[in-house]
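Below is one structure, written out as structure tokens; the observations come after it.
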Amino acid sequence: MNFALILLILLLVSGAIWAADALVFRKRRVADAKDPWWVEYGASFFPVILIVFVLRSFIVEPFKIPSGSMIPTLLVGDFILVNKYTYGIRLPVANLKVVDVSSPQRGDVMVFRYPEDPSLDYIKRVVGVPGDKVAYQNKRLTINGVPVPMTRVGDYLHPERLYYSEQFVETMGEGEHHVLNDQDAPPFIPHPGQFPHRDDCSYNTAGVICTVPPGEYFVMGDNRDNSRDSRFWGFVPEENIVGKAFFIWLNFSDLKRIGSFR
């Protein structure tokens with residue numbers, strides 16, 4: 001279900017009813033006459049729908065985290081907000097950029113339309129921007145020949161599954177974030193797909209090495225051994241970008257998680 005399209009249709013229908021009543025039918029009604037039902041249930045919703053449409057399309061959009069690919073940064077059940085204008089202002093539904101503001105940077109947590117099925121929204125961390133050579137070999141990330149700094153910290157306990165993952169603090173750009181690795185998971189990428197610019201990637205027993213094409217981004221989950229990301233299905237085209245995730249506004253299981261994150 002394309003909620004943005006449904007919201008746009010509701011906006012157009014309610015706006016047409018509001019305009020028709022304001023310009024034509026209101027003038028024909030007897031003074032103090034009650035509004036007909038189609039005005040009461042149509043035009044009266046137009047201002048509310050307009051506000052929701054503008055906020056959701058150009059300012060912020062809410063999302064719920066459905067999977068554990070971004071643990072420990074984001075947990076299943078986190079409700080997050082996504083900044084819709086950081087990477088440029090886009091037309092709703094078409095997702096066509098009309099005003100350029102900035103581009104995704106390494107380390108950003110980005111929401112985008114899944115390249116293999118654009119009806120789905122995915123969330124991952126940007127690790128490679130256009131022109132970067134990204135290597136993930138033996139579970140170590142290297143960008144343009146420079147290893148990304150990692151510091152081992154205490155193991156992470158997955159409370160719902162009662163097992164531990166190795167936890168590291170990874171420094172990317174000006175920020176730090178936590179990532180997880182599982183000792184028993186192999187370093188190679190099993191069954192990578194056939195995707196656009198597949199020739200820009202080479203796979204081996206240690207992992208994958210890719211050169212990011214122009215207008216594309218390489219993304220990975222923070223839960224490195226439990227994330228299907230660019231290592232498997234390729235790059236994220238610029239036109240698939242939705243926005244930058246920046247705030248957890250609710251988690252019913254743990255209210256202490258409310259706040260900003262990196």
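Aromatic rings of Tyr114 and Trp233 (six-membered ring for Trp) have centroids within the 6.0 Å cut-off, being under it. Remark: aromatic rings of Phe252 and Phe79 are close, center separation under 6.0 Å. Under the 6.0 Å cut-off for aromatic ring centres, His158 and Tyr156 qualify, their centroids lying closer than that.
Val153 places none of its side-chain heavy atoms less than 4.5 Å from the side chain of Phe168. Residues Cys201 and Phe235 have side chains in contact (heavy-atom distance under 4.5 Å, counting atoms from C-beta outward). Using a 4.5 Å heavy-atom cutoff, the side chains of Ser44 and Trp18 are not in contact. Between Arg125 and Met220, the closest side-chain pair of non-hydrogen atoms is not below 4.5 Å. In this structure, Leu8 and Phe53 have side chains that are in contact, with non-hydrogen atoms separated by less than 4.5 Å. Counting heavy atoms from C-beta outward, Ile59 and Asn83 have side chains that stay 4.5 Å or more apart.
Here the side chain of Lys64 pairs no donor or acceptor atom with the backbone of Ile80 at under 3.5 angstrom. Checking side-chain atoms of Arg257 against main-chain N and O of Trp249 turns up no donor-acceptor pair under 3.5 Å. Although no hydrogens or angles enter the test, the distance criterion places a donor-acceptor pair under 3.5 Å between the side chain of Gln167 and the main chain of Gly154. Under a 3.5 Å cut-off, the side chain of Asn144 and the backbone N or O of Lys133 do form a donor-acceptor pair. Remark: side-chain polar atoms of Asn95 are paired, donor with acceptor, to backbone N or O of Ile241 under 3.5 angstrom. Judged by distance alone, the side chain of Gln105 and the main-chain N or O of Ser103 form a donor-acceptor pair under 3.5 Å. For Thr142 (side chain) and Val146 (main-chain N/O), no donor-acceptor pair under 3.5 Å exists by modelled atom type. The main-chain N or O of Ser253 is found under 3.5 Å from a side-chain atom of Asn251 such that the two form a donor-acceptor pair.
A salt bridge does not link Glu176 to Arg262: none of the charged side-chain nitrogens sits closer than 4.0 Å to a carboxylate oxygen. A salt bridge links Glu170 to Arg224: one of the charged nitrogens lies within less than 4.0 Å of a carboxylate oxygen.
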Check against side-chain hydrogen bond (donor to acceptor under 3.5 Å, both in side chains), Asn240 and Tyr217: CA-CA 10 Å; Asn240 284 42; Tyr217 295 87; over 6 Å; no
Check the pair Glu238, Lys97 against salt bridge (Lys or Arg N to Asp or Glu O under 4.0 Å), reporting the backbone distance first and the verdict last.
CA-CA 9 Å; Glu238 197 277 337; Lys97 184 187 288 188; 2.8 Å; yes
| message | Walk me through whether Asp229 and Arg231 qualify under salt bridge (Lys or Arg N to Asp or Glu O under 4.0 Å). | response | CA-CA 5 Å; Asp229 44 43; Arg231 294 171 292 175; 2.8 Å; yes
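A side-chain N or O of Asn204 and one of Gln137 form a donor-acceptor pair less than 3.5 Å apart. A donor atom on one side chain and an acceptor atom on the other are not found under 3.5 Å apart for Ser69 and Asn223. No hydrogens or angles considered: a donor-acceptor pair under 3.5 Å links the side chains of Lys124 and Ser227. Side chains of Asp182 and Tyr164: no donor on one and acceptor on the other come within 3.5 Å.
Separation of atoms CG (Leu12) and CZ (Phe46) is listed at 9.0 Å; rounding is to 0.5 Å. Considering OG1 of Thr211 and CG of Asp200, their distance stands at 6.0 Å, rounded to 0.5 Å.
Taking the ring centre of Tyr122 as origin, the terminal cationic atom of Arg113 falls outside the region bounded by 6.0 Å and 45° from the ring axis.
The two residues Lys139 and Asn181 have their closest heavy-atom pair at O-ND2, 3.8 Å. When all heavy atoms of Phe188 and Pro190 are compared, the pair lying nearest together is O-CD, 3.3 Å. Summarising the geometry of Val111 relative to Ala245, their closest heavy-atom pair is CG2-CB, 4.5 Å, with the distance given to 0.1 Å. Here the closest non-hydrogen pair linking Leu180 and Pro72 is CG-CD, 3.6 Å.
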